[in-house]
K.L.:
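Have a look at this one before I ask anything.
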2 protein chains.
Amino acid sequence: MNESFKALSDPTRRKIIRLLRDKNMTAGEIAEHFNMKKPSISHHLNSLKHAKLVLDERQGQHIVYSLNTTVVQEVFGWFLEMIDSKKEEDKDEK
Amino acid sequence: MNESFKALSDPTRRKIIRLLRDKNMTAGEIAEHFNMKKPSISHHLNSLKHAKLVLDERQGQHIVYSLNTTVVQEVFGWFLEMIDSKKEEDKDEK
DNA sequence: TTAGTATTTAGATAATTATCTAAATATAGA
DNA sequence: TCTATATTTAGATAATTATCTAAATACTAA
């Protein structure tokens with residue numbers, strides 16, 4: 001999970017996640033949303049891949065990236081723990 | 001919100017958040033949970049403070065740190081958006 | 001005022017990270 | 001095989017980050 005937190009620390013990568021939330025995309029399509037050279041996008045995608053936040057699949061000349069919602073949900077769960085259990089404590093006290 | 005994501009990218013800082021979830025603590029109390037020199041803890045606390053994830057209050061010789069759940073919830077909301085709206089789309093299609 | 005304790009700040013250092021350029025690799029079609 | 005396109009890898013570089021040591025600051029009590 002540390003890798004996920006690290007990957008999400010960068011705004012470019014968060015935007016990539018947001019893009020892939022809506023639909024799967026090729027590396028080139030993703031790159032079009034940024035004013036950045038493609039190797040840099042590759043580097044970011046590699047980071048997200050390493051954290052398993054995205055999955056990649058080659059389709060001929062293209063590589064299609066998709067969001068791995070399972071891992072996003074894991075990180076989500078961490079926040080839930082930080083917020084939710086605190087609410088439960090409050091309830092118990094009342 | 002970028003500051004929050006950055007702050008949370010470090011495991012030491014995430015552990016601090018987890019500690020403060022349970023109860024407010026002084027810098028010294030927090031430091032006891034880590035095998036690290038106090039200036040380093042200070043550095044981490046400063047990062048969390050800068051991101052507004054924690055709040056500090058001097059009480060005599062001590063500085064007490066508390067979790068700022070509002071900001072934690074903001075970040076939580078980001079994940080909700082990544083997960084939740086995707087679920088809604090699925091529902092609409094069914 | 002001095003001494004003790006809590007905590008931070010400053011500075012150094014090594015490691016990590018984000019972007020670029022150049023080159024390499026993978027796929028497809030002629 | 002050559003050419004074109006998509007994408008990644010490699011290397012350089014500047015910026016950022018995490019830990020340490022030394023020093024400074026803040027508060028308390030004698």
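We name chains A, B, ... by the order of the sequence lines, and we start the count at 1 in each one.
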K.L.:
Give the rounded distance in Å between these two atoms: CG of B/L48 and P of D/dT17.
P.N.:
13 Å
K.L.:
Which listed nucleotide (C/dT8, D/dA26, C/dA18) is nearest to the side chain of B/R58?
P.N.:
D/dA26
K.L.:
What is the distance, to the nearest angstrom, from the CD atom on A/E29 to the P atom on D/dA6?
P.N.:
11 Å
K.L.:
Nearest to the side chain of B/H43, which nucleotide is it out of D/dT7, C/dA18, D/dA18?
P.N.:
D/dA18
K.L.:
Do B/F5 and A/F5 have ring centroids that are under 6.0 Å from one another?
P.N.:
no
K.L.:
Which of these nucleotides, D/dT19, D/dT7, D/dT9, is closest to any side-chain atom of A/H62?
P.N.:
D/dT7
K.L.:
Separation of B/I63 atom CD1 from C/dT8 atom C1', in whole Å?
P.N.:
7 Å
K.L.:
Please state how far atom OH in A/Y65 lies from atom P in D/dA6, giving the value in whole angstrom units.
P.N.:
15 Å
K.L.:
Tell me whether B/L20 shares a hydrophobic cluster with B/M36, the cluster being built from Ile, Leu, Val, Met, Phe, Trp, Tyr side chains joined at under 4.5 Å.
P.N.:
yes
K.L.:
Which residue, A/S40 or B/A27, contacts DNA chain C at a nucleotide closer to its 5' end, judged by nearest heavy atom?
P.N.:
B/A27
K.L.:
Using whole Å, report how far CD1 of A/I41 lies from P of C/dT19.
P.N.:
8 Å
K.L.:
Between atom CG of A/N46 and atom CZ of A/R13, what is the distance when rounded to the nearest 0.5 Å?
P.N.:
10.0 Å
K.L.:
Have a look at B/T26 and say if it touches a base, only the backbone sugar-phosphate, or nothing, with a 4.0 Å heavy-atom cut-off.
P.N.:
sugar-phosphate
K.L.:
Taking 4.0 angstrom as the limit, do A/E81 and B/R18 come out as a salt bridge?
P.N.:
no
K.L.:
Would you mind classifying the nucleic acid contact of B/K6 as base, sugar-phosphate or nothing, using non-hydrogen atoms under 4.0 angstrom?
P.N.:
sugar-phosphate
K.L.:
Within this structure, what is the CG-to-P distance between A/L45 and D/dT7, rounded to whole angstrom?
P.N.:
10 Å
K.L.:
When rounded to the nearest 0.5 angstrom, what is the spacing between CH2 in B/W78 and CZ in A/F79?
P.N.:
9.5 Å
K.L.:
With a 3.5 Å cut-off and just heavy-atom distances, do the side chain of B/Q61 and the base of D/dT28 make a donor-acceptor pair?
P.N.:
no
K.L.:
Starting at atom NZ of B/K37, determine the distance to atom C1' of C/dT7, rounded to an integer number of angstrom.
P.N.:
15 Å
K.L.:
Rounded to whole Å, please give me the gap between CE in A/M36 and C1' in C/dC20.
P.N.:
11 Å
K.L.:
Taking the nucleotide of DNA chain C with the nearest heavy atom to each, does A/K38 or B/G28 sit closer to the 5' end?
P.N.:
B/G28
